[in-house]
Amino acid sequence: MVRVSEPVAMHMSDGLLNAPTSLLFVAVAVAGVGVALAKARGDLDDRTAPMAGLVAAFVFAAQMLNFPVLPGVSGHLLGGALAAILVGPWVGALCVTIVLVVQSLFFADGGVTALGANVTNMALVGTAVGYLTAVALRRLAARNKGGLAVVAFVSALVNTVLASFGFVLEYAIGGQGGVAFGTVAAAVLGVHVLIGIGEGLITAVTVTAVAAARPDLVYLLRGVPQKLELRA
């Protein structure tokens with residue numbers, strides 16, 4: 001996510017999208033979260049359920065902390081890749097959705113009318129992309145702590161950039177922020193590459209810390225033979 005003075009932030013506020021586009025992505029978000037709810041039942045167990053609560057709390061807290069990216073521009077954790085790596089894509093999507101709903105309704109962080117688009121971008125697209133990237137690199141993650149850190153970093157970077165592309169697509173469909181599409185696309189995608197680096201560092205540190213203490217709690221590593229002990 002990015003905070004700037006112009007209305008080009010991925011964590012969208014009210015008024016950036018017209019009503020039909022907002023309603024369209026409410027429908028997309030409801031459908032996606034419904035699928036995640038159905039699929040998450042198979043992933044919830046004695047390890048995943050408590051971890052999901054911790055992940056949601058961590059993402060919520062981390063999103064309240066901004067880090068500088070450029071003069072006048074700051075970013076914070078999106079959390080999709082982090083959640084997916086630790087608790088799986090379905091439970092992870094639900095964790096991020098809960099965070100976004102609470103932020104929107106109680107902290108005015110993200111508009112209520114834009115909630116569907118924000119959930120689509122960060123909870124659905126971000127989590128799915130982050131997890132698919134991590135799965136593609138899972139053998140590297142299983143080698144050692146360094147490999148896991150690299151996978152977490154890359155997954156979070158890709159998650160951030162492609163989630164921001166979701167905003168660009170939505171703005172192209174029904175944007176009404178008063179900013180030219182080309183300006184929005186260049187600003188959002190360019191800045192989110194930088195934010196993705198910060199996201200990647202936070203995700204890598206967090207995931208490797210969990211793996212060092214309890215590798216069995218890292219969803220990505222389940223069922224994958226580890227060549228080296230992650231505690232090393």
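Atoms considered below: every heavy atom in the structure, side chains included; atoms not considered: hydrogens, waters and symmetry mates. A quick note: this is a predicted structure, and the numbers were derived from the prediction, not measured.
Residues V207 and L217 are members of one and the same hydrophobic cluster, defined by side-chain heavy-atom contacts under 4.5 angstrom among Ile, Leu, Val, Met, Phe, Trp and Tyr. V158 is connected to I197 through a chain of hydrophobic side-chain contacts under 4.5 Å among Ile, Leu, Val, Met, Phe, Trp and Tyr, so both are in one cluster. Clustering ILVMFWY residues whenever any of their side-chain heavy atoms sit less than 4.5 angstrom apart, transitively, puts V218 in the very cluster that holds V96. Cluster membership for V99 and V101, using ILVMFWY side-chain heavy atoms within less than 4.5 angstrom, is shared. When the side chains of ILVMFWY residues are joined at heavy-atom separations under 4.5 Å, either directly or via intervening members, V91 and V125 end up in a single hydrophobic cluster.
Through side-chain heavy atoms spaced under 4.5 Å, either directly or across other Ile, Leu, Val, Met, Phe, Trp or Tyr residues, V26 is tied to V30.
Side-chain contact between I85 and Y131 is absent, with no heavy-atom pair separated by less than 4.5 Å. Within the 4.5 Å cutoff, no side-chain heavy atoms of L140 are placed close to those of L148. Between R214 and M51, every side-chain heavy-atom pair lies at or beyond the 4.5 Å cut-off. A 4.5 Å side-chain heavy-atom check between S104 and L100 finds every atom pair outside the cut-off. Within the 4.5 Å cutoff, no side-chain heavy atoms of S164 are placed close to those of V168. Under the 4.5 Å side-chain criterion, counting only non-hydrogen atoms from C-beta, I195 is in contact with V191.
Expressed to the nearest 0.5 Å, how far CG of L169 lies from CD1 of I173 amounts to 4.5 Å. Going from atom CG of L94 over to atom NZ of K39 covers 13.0 Å, rounded to the nearest 0.5 Å. Between T127 atom OG1 and M122 atom CE the span is 10.5 Å, to the nearest 0.5 Å. For the atom pair CZ (F58) and CG (L77), the distance works out to 6.5 Å, reported to the nearest 0.5 Å. In this structure, CD on E199 lies 10.5 Å from CZ on F153, to the nearest 0.5 angstrom. With values rounded to the nearest 0.5 angstrom, T203 atom OG1 is found 9.0 Å from L86 atom CG.
Pairing each heavy atom of L17 with each of A117, the nearest pair is CD1-CB, 3.9 Å. Across all their heavy atoms, L124 and A93 have their closest contact at CD2-CB, 4.4 Å. Heavy-atom minimum distance, V59 versus L78: CG1-O, 3.8 Å. Closest approach of G130 and A81 over heavy atoms only: CA-CB, 4.0 Å. Nearest heavy atoms, G174 versus T21: CA-OG1, 3.2 Å. Scanning all heavy atoms of the two residues, the minimum distance from G126 to N159 falls at CA-OD1, 3.0 Å.
Donor-acceptor pairing under 3.5 Å is recorded for the side chains of Y219 and D43. In this structure, a donor-acceptor pair under 3.5 Å is present between the side chains of E170 and N121. T133 and R138 form no side-chain donor-acceptor contact under 3.5 Å, judged by distance and modelled atom types alone.
Using a distance-only test at 3.5 Å, with no hydrogens or angles considered, a donor-acceptor pair links the side chain of S22 to the main chain of N18. The closest donor-acceptor contact from the side chain of T208 to the backbone of V205 lies under 3.5 Å.
Residue D46 places its CG atom among 12 or fewer non-hydrogen atoms of other residues, nucleotides or ligands, all under 6.0 Å distant.
For T113, the side-chain hydrogen bond (donor to acceptor under 3.5 Å, both in side chains) partners at least two apart in sequence or on another chain are D14.
Residues F25 and F167 place their aromatic rings such that the two centres sit no closer than 6.0 Å.
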